[in-house]
S.K.: 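Shown below is the structure under consideration.
Just so it is clear: chains get the letters A, B, ... in the order the sequence lines come, proteins before strands, and each one is counted from 1.
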Amino acid sequence: MSSSSSEEVPLAKLVAARSSDGPPAAKKPKVIPANADSDSDSDDVPLAARMAKMPVPASPQAASSTKKSSKLSKKSLKQIHSGTSSGRSEKLKKIKQQKIKKERKANKVAKAGAKPTARKAGSGIKSKIKRNAANGKGKKAVEGNGKKVMWTTLHHHGVLFPPEYTPHGVKMLYDNKAVDLTPAQEEVMTAYAMMRETDYLKKPTFVKNAWNAMKAVLGKNHVIKSLDKCDFTPIWEWHLAEKEKKKQMTKEEKKKVKEDKDAAEAKYKFCQVDDRREQVGNFRVEPPGLFRGRGEHPKMGMWKRRVYPEEVTINIGEDAEVPKCPVPGHRWGRVQHDHTVTWLACWNDPINVRDLKYVFLAANSQFKAESDLAKYEKARKLKDYIEKIRKDYMKGLKSKDKVKRQMACAIYLIDRLALRAGHEKDEDEADTVGCCTLKVDNVEFLDVGDDGKHEVKFDFLGKDSIRYENVAEIHELVYSNMKDFSLKTIDGKRAKRPEDLLFDGMSATDINQLFKCYMPGLSAKVFRTYNASITLAKLLREQTDAQQRYSGKPVEEKKADYDRANKEVAILCNHQRSVPKGHAGSMDKLNEKLKALVEEVKGLKDDFKKAKAGEHKDAKGKFVAAEKVKTKLDRAQERLKKLKLQRAVKEDLKTVALGTSKINYMDPRITIAWCKAFETPIEKIFNKSLLSKFHWAMTCEPTFSF
DNA sequence: TTTTGAGACTCAGAAATGTGCCG
DNA sequence: ACGGCACATTTCTGAGTCTCAAA
């Protein structure tokens, strides 16, 4: 690419993109639940709980009443109207969202005046559409609506339903008296009882929603009137006893149970796609239970009701035998033959009714392998465009147009910090953010010191409510722009509140549209893949370059090197885990061991000294050769070194999850090539699942370069 | 139209389960 | 030899991303 051109990406042109060839895709009728759930009233948001998480706002009163002016955040409207009926504050939400949209639009219009020039033909979005339209002769056939045909024949056995609830009959106490419960009631109460030792019981939202669920099954006239007087101990103890019983089973009994279970599941585990026998991923319909949302999910604790066959759609080949519905007296909601999708079955999630749950093939299937390869190839391709993209956003930072500067900043963060795009969320989800939904509150501008470094402290809850906390050095222009966007006052007038959007003039969708102008298929998430992979490759190279005969290094050390690189990537992507339970304890043990070893080494050193002087005797009073003591000493020292390293690594990784990046972000070919080039068995790095998931990558050359 | 939401897929950490090691 | 443990792997399902068609 000639990168010297000064042309900019035609943001304004993007809109043309809505193509309209072909008939609308076969519409899938919505499945009607067999037993409509009363969906116990949606309740007001536990704002207090959420606010507690937020950093203290500049002005405490801002917390509630002041939100209505300026850009309304999701929470704000909800909160203002929290007294409204449960019958959906949907409308209100919409009004508010429209408001955001309107403002964003206004910003866009303003910018459209300074419309950038068009790019060369061939890289614009229009030509991409043409290419797609002309597609079809390529690899995969294309159906009338332009979607790829994924399979020709498809045979499978449907899904496995959890067994109906079996009552245990153990009576919980209410007001110290045993209570009778119907099986349905017992099921909910038992689910709650099982939560005893989890943190969920410390969450007011969970407890409140769960109590609502209990009230719903108990009915108006039940003796149980308050959660406080409920004592679930008998059920809890029954549960513990059951667990113990299971543990006490003999090996043979355990084996038998497992065999029976496997036999019952066997037929669901595989399916036939064209000429391939493939493993099915999750063939089980999710059992009922109390919803375990992450973070401060407003729905946590709600009862996730049982799913019945009538709610399930089966996707299967026309020629295949439709699996028999496994629940007596029931039948499938719908059977379809959509060749453009890869799933075998789906149903609506009982908690988030607008979401679907799918049964897909396993990670080692060809469907997954193909899309995995495509993902990494796309990320590799980004290398050809990244220079231009970076150049453009550096330029964008100086634009007169605020929206352009916001886009530039956001892309900068996506590129340099590997942030997620951050789409808008509904109010009935946990309040988390990504790049484009960062709030003023989430960034803190550190003073520029003598070193001239511009540092920003990011602190927000991202996906899964995992906290992202990072002081990052960023470009001066990004710093000043972001500071500008987050101004709380301008000329003495209020500009933004802590809960307002930092990038108020654009959204994740806008960014992705812009990306399409650079490279077909480019979106924000590609940057994460790209950065993870390129980082791994770079770190591995640095390590191997630093040593002359890297291949000769002990395998264990090479593995440690790999893990170090892996760790850097995990940190970049903010992949965290909670400190393993018992970490502190096992750390103590390790330290004890270490102390003992240090003593041992000390003793051996003395022995060695004596032995050299011919004065060291063993337990039997025999003189020992210095040589012998020396080898003993060396070994002990070696063990000591190893143990120290082990301790350091353990402490180092206690909150870092290496697996996620290994599974999802780092191109496996980098790893495989490295193993081949430096004579490390791939099994040391990839476990059985990974080996089979990445089997498509195994033949790559040792010289593979990402 | 432009926006909205359904749909389909990837990615996420916790919990459950399996294993292998150590005293 | 064996139980318990720490650690690894597998399962589970929730939470994102992103596209496209309907309104």
S.K.: Within less than 4.0 Å of OP1 or OP2 of dT17(B), is there a side-chain N or O belonging to Lys258(A)?
M.R.: no
S.K.: Under 4.0 Å between a side-chain N or O of Arg420(A) and OP1 or OP2 of dA12(B)?
M.R.: yes
S.K.: Please list every donor-acceptor pair under 3.5 Å in which a side-chain atom of residues 647-654 of chain A meets a protein atom from a residue at least two apart or in another chain.
M.R.:
{"from": "Arg647(A)", "atom 1": "NH1", "to": "Asn591(A)", "atom 2": "OD1", "distance (Å)": "2.8"}
{"from": "Lys650(A)", "atom 1": "NZ", "to": "Ser586(A)", "atom 2": "OG", "distance (Å)": "2.7"}
{"from": "Glu651(A)", "atom 1": "OE1", "to": "His583(A)", "atom 2": "NE2", "distance (Å)": "3.2"}
{"from": "Glu651(A)", "atom 1": "OE2", "to": "Lys654(A)", "atom 2": "NZ", "distance (Å)": "2.7"}
{"from": "Asp652(A)", "atom 1": "OD2", "to": "Lys567(A)", "atom 2": "NZ", "distance (Å)": "2.5"}

S.K.: Between dC12(C) and Arg284(A), is there an OP1 or OP2 to side-chain N/O distance shorter than 4.0 Å?
M.R.: yes
S.K.: Is the phosphate of dC12(C), meaning OP1 or OP2, less than 4.0 Å from a side-chain N or O of Asn282(A)?
M.R.: yes
S.K.: Can we say Lys148(A) and Glu370(A) salt-bridge, meaning some charged N sits less than 4.0 Å from an Asp/Glu carboxylate O?
M.R.: no
S.K.: Determine: side-chain N/O of Thr342(A) to OP1/OP2 of dA8(B), distance under 4.0 Å, yes or no.
M.R.: no
S.K.: Ignoring backbone atoms, test whether His423(A) places a side-chain nitrogen or oxygen under 4.0 Å from the OP1 or OP2 oxygen of dG16(C).
M.R.: no
S.K.: Under 3.5 Å, is there an N or O donor on one side and an acceptor on the other linking the side chain of Lys463(A) and the base of dC11(B)?
M.R.: yes
S.K.: Is there a side-chain contact between Lys375(A) and the phosphate of dC11(B), meaning an N or O under 4.0 Å from OP1 or OP2?
M.R.: yes
S.K.: Looking at every strand, decide which applies to Phe360(A) at a 4.0 Å heavy-atom threshold: base, sugar-phosphate, or nothing.
M.R.: base
S.K.: I need the residues from residues 574-587 of chain A with at least one non-hydrogen atom less than 4.0 Å from DNA chain B; give them sorted by number, or say none.
M.R.: Asn574(A), His575(A), Gln576(A), Arg577(A), Ser578(A)
S.K.: With sugar-phosphate meaning primed atoms plus P, OP1 and OP2, does Gly293(A) contact a base, only sugar-phosphate, or nothing at under 4.0 Å between heavy atoms?
M.R.: sugar-phosphate
S.K.: Return the residues of residues 652-661 of chain A meeting this criterion: a heavy atom under 4.0 Å from some atom of DNA chain B. Order them by number, or give none.
M.R.: Thr660(A)
S.K.: Answer yes when Lys245(A) and Glu242(A) have at least one side-chain N-carboxylate O distance shorter than 4.0 Å, and no when they do not.
M.R.: yes
S.K.: Are side-chain N/O atoms of Tyr665(A) and Arg528(A) paired as donor and acceptor at under 3.5 Å?
M.R.: yes
S.K.: Would you tell me if any nitrogen or oxygen in the side chain of Tyr665(A) comes within less than 4.0 Å of OP1 or OP2 on dA12(B)?
M.R.: yes
S.K.: Starting the side chain at C-beta, find the nucleotide from dT19(C), dG13(B), dA15(B) nearest to Ser523(A).
M.R.: dT19(C)
S.K.: Taking only side-chain N and O atoms of Asn687(A), does any of them lie within less than 4.0 angstrom of OP1 or OP2 on dA8(C)?
M.R.: no
S.K.: With the side chain of Pro287(A) defined as its heavy atoms from C-beta on, choose the nearest nucleotide among dT13(C), dA6(B), dA15(B).
M.R.: dT13(C)
S.K.: Please work out if Ile663(A) contacts a base, only the sugar-phosphate, or nothing of the nucleic acid, heavy-atom cut-off 4.0 Å.
M.R.: nothing
S.K.: Using whole Å, what does the distance between atom C1' of nucleotide dT3(B) and atom CG of Asp510(A) come to?
M.R.: 12 Å
S.K.: Salt bridge check: are Glu556(A) and Lys642(A) linked by an N-O gap of less than 4.0 Å?
M.R.: no
S.K.: Just to be sure I understand the rule, does Lys246(A) reach a base, reach only the sugar-phosphate, or reach nothing, if contact means heavy atoms closer than 4.0 Å?
M.R.: nothing
S.K.: Look at the side-chain N and O atoms of Lys589(A) and state whether any lies under 4.0 Å from the OP1 or OP2 oxygen of dC5(C).
M.R.: no
S.K.: Taking NZ, NE, NH1 and NH2 as the nitrogens, is one of them in Glu377(A) or Arg669(A) under 4.0 Å from a carboxylate oxygen of the other?
M.R.: yes
S.K.: Does Lys525(A) put a side-chain nitrogen or oxygen below 4.0 Å from OP1 or OP2 of dG16(C)?
M.R.: no
